[in-house]
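Report on the structure given below.
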Amino acid sequence: GDTIKIENGILSVNGKTKINAKMRECNISKKNIKVPEDSFFAMGDNHAVSNDSYAHFCKGEKNFFVPKEKINVLGKEFKKFGGINKWKKI
């Protein structure tokens, strides 16, 4: 599985910053979180209010991963949207 780091509200996956702005108030930081092979660290597209893995992490819950059998992934991230002039290939 991937290794994630959450520090000061910034999410990095395998050493690469994925979300580089604080999405919501989160006073918890943790490095080198290993995502289990049978799970996802799932994030909604509206990070500020999504009830996702990041939200459960910020609440201090111990298990914030989603088991693969409970989620249906249809695709893979290929573009990041940050305004019409900020499209970039991932």
List, one per line, each side-chain donor-acceptor pair under 3.5 Å for residues 31-43, sequence neighbours excluded.
from, atom 1, to, atom 2, distance (Å)
Lys34, NZ, Gly1, O, 2.9
Glu37, OE2, Gly1, N, 2.1

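Looking at residues two or more places apart in sequence or on another chain, you find a side chain to side chain donor-acceptor pair (under 3.5 Å) between Asp2 and Asn14. For Lys59, the side-chain contact (heavy atoms from CB on, under 4.5 Å) test picks out Asn51, His56, Glu61, with sequence neighbours left out. Residues passing the side chain to side chain donor-acceptor pair (under 3.5 Å) test with Glu69: none are found, sequence neighbours excluded. Residues that satisfy the salt bridge (Lys or Arg N to Asp or Glu O under 4.0 Å) test with Lys5, not counting sequence neighbours, are Glu7. By the ring-ring contact (aromatic ring centres under 6.0 Å, His included) test, Phe65 is found to be paired with no residue, residues two or more places apart in sequence or in another chain being considered.
Between Ile4 atom CD1 and Phe64 atom CZ the span is 5.5 Å, to the nearest 0.5 Å. We find the OG-CD1 distance between Ser12 and Ile6 to be 9.5 Å, quoted to the nearest 0.5 Å.
Pairing each heavy atom of Ser50 with each of Ala55, the nearest pair is O-CB, 3.4 Å.
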